[in-house]
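Taking it in order: structure first as structure tokens, then the write-up.
Only heavy atoms go into these numbers, but all of them, side chains included; no hydrogens, no water, no symmetry mates. The structure displayed is predicted, hence computed values, not measured ones.
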Amino acid sequence: MKHTAARTWAYANRAVLRLTTRVQEGLEEAARRPDRGDISTTTVIIWVAAVTGAVLIAGTIAVVISKYNGKLNGL
């Protein structure tokens with residue numbers, strides 16, 4: 001049982017060290033390149049409008065098809 005606990009502790013230490021190193025590298029990269037391309041508010045608004053429009057169009061098509069489904073079977 002002692003060995004299992006020691007192994008688990010070693011794995012946890014390695015994981016914390018790896019995570020700490022990765023976060024530190026990310027912070028160094030952000031400090032080196034402050035213009036890392038954050039998404040602007042305008043871009044978010046455009047994407048939300050585009051997705052909303054696509055959902056509305058798909059919903060309208062689905063409603064029309066379901067409404068006239070019986071009439072479309074003979075085509």
Side-chain angles (χ1 to χ4, degrees):
M1 195 67 156
K2 281 181 168 180
H3 298 296
T4 304
R7 258 185 286 158
T8 304
W9 183 255
Y11 291 144
N13 282 341
R14 264 188 256 151
V16 168
L17 179 63
R18 198 175 313 143
L19 180 66
T20 305
T21 303
R22 189 157 170 92
V23 168
Q24 186 177 10
E25 288 172 355
L27 290 173
E28 288 171 0
E29 178 72 17
R32 208 172 57 228
R33 295 179 34 200
D35 61 333
R36 58 182 198 267
D38 291 334
I39 297 177
S40 68
T41 305
T42 308
T43 304
V44 172
I45 291 171
I46 291 170
W47 273 102
V48 168
V51 170
T52 303
V55 168
L56 287 174
I57 291 170
T60 304
I61 291 171
V63 168
V64 170
I65 288 176
S66 66
K67 183 176 181 180
Y68 296 107
N69 195 20
K71 296 179 182 177
L72 293 174
N73 283 338
L75 293 178

> Among all residues two or more places apart in sequence or in another chain, which pass the side chain to side chain donor-acceptor pair (under 3.5 Å) test with Thr43?
Replying inline: Ser40

> Under the side chain to side chain contact (heavy atoms under 4.5 Å, CB included) test, which residues partner Arg14, sequence neighbours left out?
Replying inline: Ala10, Tyr11, Arg18

> Can you name the side chain to side chain contact (heavy atoms under 4.5 Å, CB included) partners of Val63, sequence neighbours left out?
Replying inline: none

> Below 4.0 angstrom, N of the basic side chain to O of the carboxylate: do Glu29 and Arg32 qualify?
Replying inline: yes

> Say you draw a straight line from CG of Leu56 to OG1 of Thr52; how long is it, rounded to the nearest 0.5 Å?
Replying inline: 6.5 Å

>> Under 4.5 Å between side-chain heavy atoms, counting indirect links through other Ile/Leu/Val/Met/Phe/Trp/Tyr residues: same cluster for Ile65 and Ile57 or not?
In response: yes

